[in-house]
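Count residues from 1 along the sequence.
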Amino acid sequence: MRAARWLALGGLLALAGPLDGRLVGPEEAGFGECDRFFYAGTPPAGLEAAAHLKVCQRFGGAERFATLYSGRARAPVFSAFRAPARPPAARAEPRWLIDDPTSTLGELTDEADAISSVNSLGSKQALSTDYVDPDYQRGQLYPFSLSSDFREATFALTNAVPMSPSFQERWYTNLRSLMERALTPQCGNGEDLYLIAGAVPSDRRLQDRVTIPAFVWLAACCAMPGGGWAMGFVQHTRDGDIIEDVMVKELEKLLPSNPQLFQDNCGETEQDTERMKKILEVVNQVQDEERTVLSKEDTRPLSSMTSEGSALLPPEAPEERRSFLGRLMGFITTPVIRLFQLLYYVAVGILKNIIYFLWFVTKQVINGIENCLYRLGSATISYFLAIGEELASIPWKVLKVMVKIIRAVLRILCCLLKAVCRILGIPVRVLVDVATFPMHTIGAVPIVCKDIAVGLGGTISLLFDTAFGTMGGVFQVIFSICKKIGYRVTFDNSGEL
């Protein structure tokens, strides 16, 4: 279906005319010459889709800001711009401008002038007639109150989303307060401040054409050397909700597709936390002020609230300023233009349906042929692969069988050898023992004789020792007795004398 969508879009653009120079082609990276409005020259990653158009907003012969526009929702996804270099000048006249993507316009053009020069005006973007509703106004993502030069450029309808008057006043007041009291002073007077303002669509549409946002957001990146920071802000369109401060990573989680708004998260590793604390202090003050205003809205007259907030809201042009000739020409040409637009829409719808039908038939035929060829190719490849696998496995299987046979034969031989060895093992041992017995016996005879001779010699020696000892003892006794007797005789004889 994506190819069919692009084919139909190509036919539509061919009828409507070539794209203007501000529309950045899908083959071109970034936003062309409007990349300078992004930090490090890199647009957010992850927000682009097939139905989104990249617009480099030009006015007065120069680039003013960049917008990612959704042709399906007829509302911008985001607008990227730089902080104002000087305080805003006087209020601009409310000339809402057209930069229809299907036109040949070179830059933003007055909507009244584009009616007669652009075919199929409004097929891809919103028109002022879509905002003919007392409950909603054209709310700028890049507010005119923050633009320092050529503030008329912010009145592009590709920069506007439906906002209720009260929400628009609160959103513009909050942005102005944050810029003047926090963001610009904490970033070197805004010289290195990059801003991205966006809207997340809801399921409601204005005039069944323009998507009403569920909430709007602002992401700020200060690239000041040595003191950078990044902050995000969110405000829901429900009555009573106040602006919320979030970290950029938390803001990215709230957005569709979880994109990356700033490259390297705006130099996350070098951010100045002290400056961020000061910004949060101001944000708390702004939130308290908004709560006070909301609490007093029920008791204040509507005229006083309108007069205080009118300085920040886009001024509306009084009807009496329009020339009589312009009103007359508009009254005459509008029905004719609407009729031609109706005929054009009918023709485009018929052409689109025909293209869709032809593309569907062609796609079905191509898919059928592709399926047949795919199945035939798959079956053929599977057949040859199966045959190849079988042929390749035959030698391997034969080798495995031979190895198994050899292993079985070797096992049988081992078993036979073991049996023979066990059978022959018993007689051999007996014969060896019998053969060695005489040798052991003969070898033991000298040893035994030697032991006997040693024993007999020891016995005889013992007997001799005993005999000689006994005789010596007897002689010793006899000698002792004789000695005693002879002494006594000698003593007696001497007495006698």
(message) Strictly below 4.0 Å, N to O, side chains only: are Asp288 and Arg291 in salt-bridge contact?
(response) yes
(request) Could I get the full list of ring pair (Phe, Tyr, Trp, His ring centres under 6.0 Å) partners for Phe38, not counting sequence neighbours? (result) Phe31
(message) Within the 4.5 Å heavy-atom criterion, are His52 and Tyr69 side-chain neighbours or not?
(response) no
(request) Give me the one residue out of Val216, Val283, Asn174 that meets side-chain contact (heavy atoms from CB on, under 4.5 Å) with Phe233. (result) Val283
(request) Could you tell me whether the side chain of Gln168 and the main chain of Met163 form a donor-acceptor pair under 3.5 Å? (result) no
(request) Evaluate salt bridge (Lys or Arg N to Asp or Glu O under 4.0 Å) for Arg176 paired with Glu180, printing each intermediate quantity in order. (result) CA-CA 6 Å; Arg176 186 66 175 272; Glu180 291 181 351; 2.4 Å; yes
(request) Could you check Leu193 against Leu183 for side-chain contact (heavy atoms from CB on, under 4.5 Å), going step by step and ending with a plain yes or no? (result) CA-CA 8 Å; Leu193 184 59; Leu183 303 185; 4.0 Å; yes
(message) For a 4.5 angstrom cut-off between non-hydrogen side-chain atoms, does Lys54 reach Glu48?
(response) yes
(request) Report yes if the side chains of Val234 and Glu250 come closer than 4.5 Å at any heavy-atom pair, otherwise no. (result) no
(message) Going by the rule ring pair (Phe, Tyr, Trp, His ring centres under 6.0 Å), which residues pair with Phe78 if we only count those two or more places apart in sequence or in a different chain?
(response) none
(message) A quick test of your reading: do over 12 heavy atoms of other residues, nucleotides or ligands sit less than 6.0 Å from CD of Glu191?
(response) no
(request) Examine distances only and state if a side-chain atom of Asn189 and a backbone atom of Pro185 form a donor-acceptor pair shorter than 3.5 Å. (result) no
(request) Give a yes or no answer on whether the side chain of Thr42 reaches the backbone of Ala40 with a donor-acceptor pair at less than 3.5 Å. (result) yes
(message) Side chains of Glu252 and Asn265, heavy atoms from C-beta outward: is any pair under 4.5 Å?
(response) yes
(request) Provide the full list of disulfide bond (SG atoms under 2.5 Å apart) pairs with a residue in residues 345-399, sequence neighbours left out, each pair given once. (result) none
(request) Could you tell me whether the side chain of Glu33 reaches within less than 4.5 Å of the side chain of Cys56, counting heavy atoms only? (result) yes
(request) If a pair satisfies salt bridge (Lys or Arg N to Asp or Glu O under 4.0 Å) and one of its residues is in residues 260-271, list it, with sequence neighbours excluded. (result) Lys249-Glu268
(request) Decide yes or no for Pro44 and Ile196: does some side-chain heavy atom of the first lie under 4.5 Å from some side-chain heavy atom of the second? (result) yes
(message) Quick one: does any side-chain atom of Trp229 pair with a main-chain N or O of Gln186 as donor and acceptor, under 3.5 Å?
(response) yes
(message) Determine whether a donor-acceptor pair (N or O, by modelled atom type, separation under 3.5 Å) exists between the side chain of Thr184 and the backbone of Gly190.
(response) no
(request) Step by step, work out the disulfide bond (SG atoms under 2.5 Å apart) result for Cys266 and Cys222. (result) CA-CA 7 Å; Cys266 190; Cys222 178; over 6 Å; no
(request) Please confirm whether the backbone N or O of Pro76 pairs with a side-chain atom of Ser70, one donor and one acceptor, at under 3.5 Å? (result) no
(request) Applying ring pair (Phe, Tyr, Trp, His ring centres under 6.0 Å), name anything that partners Tyr136, two or more places apart in sequence or on another chain. (result) none
(request) Mark yes or no for whether Gln207, through its side chain, and Arg209, through its backbone, hold a donor-acceptor pair below 3.5 Å. (result) no
(request) Evaluate the side-chain proximity of Met276 to Gln271: yes if any heavy-atom separation is below 4.5 Å, no if none is. (result) yes
(message) Under a plain distance cut-off of 3.5 Å, with no hydrogens placed, do Gln287 and Asp245 share a side-chain donor-acceptor pair?
(response) yes
(request) Under the side-chain contact (heavy atoms from CB on, under 4.5 Å) rule, what do Leu218 and Gln235 come out as? Steps first, then yes or no, please. (result) CA-CA 9 Å; Leu218 176 73; Gln235 186 157 9; over 6 Å; no
(request) Check whether the side chains of Thr158 and Thr67 place a donor and an acceptor atom closer than 3.5 Å, and report yes or no. (result) no
(request) For the pair Asp203 and Thr211, evaluate side-chain contact (heavy atoms from CB on, under 4.5 Å) and give the outcome as yes or no after the intermediate values. (result) CA-CA 7 Å; Asp203 55 355; Thr211 302; over 6 Å; no
(request) Classify the side-chain pair Gln285/Arg181 by whether it contains a donor and acceptor separated by less than 3.5 Å. (result) yes
(message) For a 4.5 angstrom cut-off between non-hydrogen side-chain atoms, does Tyr194 reach Arg82?
(response) yes
(message) Ring centroids only, cut at 6.0 angstrom: are Phe81 and Tyr142 within range, meaning strictly under it?
(response) yes
(message) List the residues meeting salt bridge (charged side-chain N to carboxylate O under 4.0 Å, His left out) with Glu290, not counting sequence neighbours, and say none if there are none.
(response) Arg170
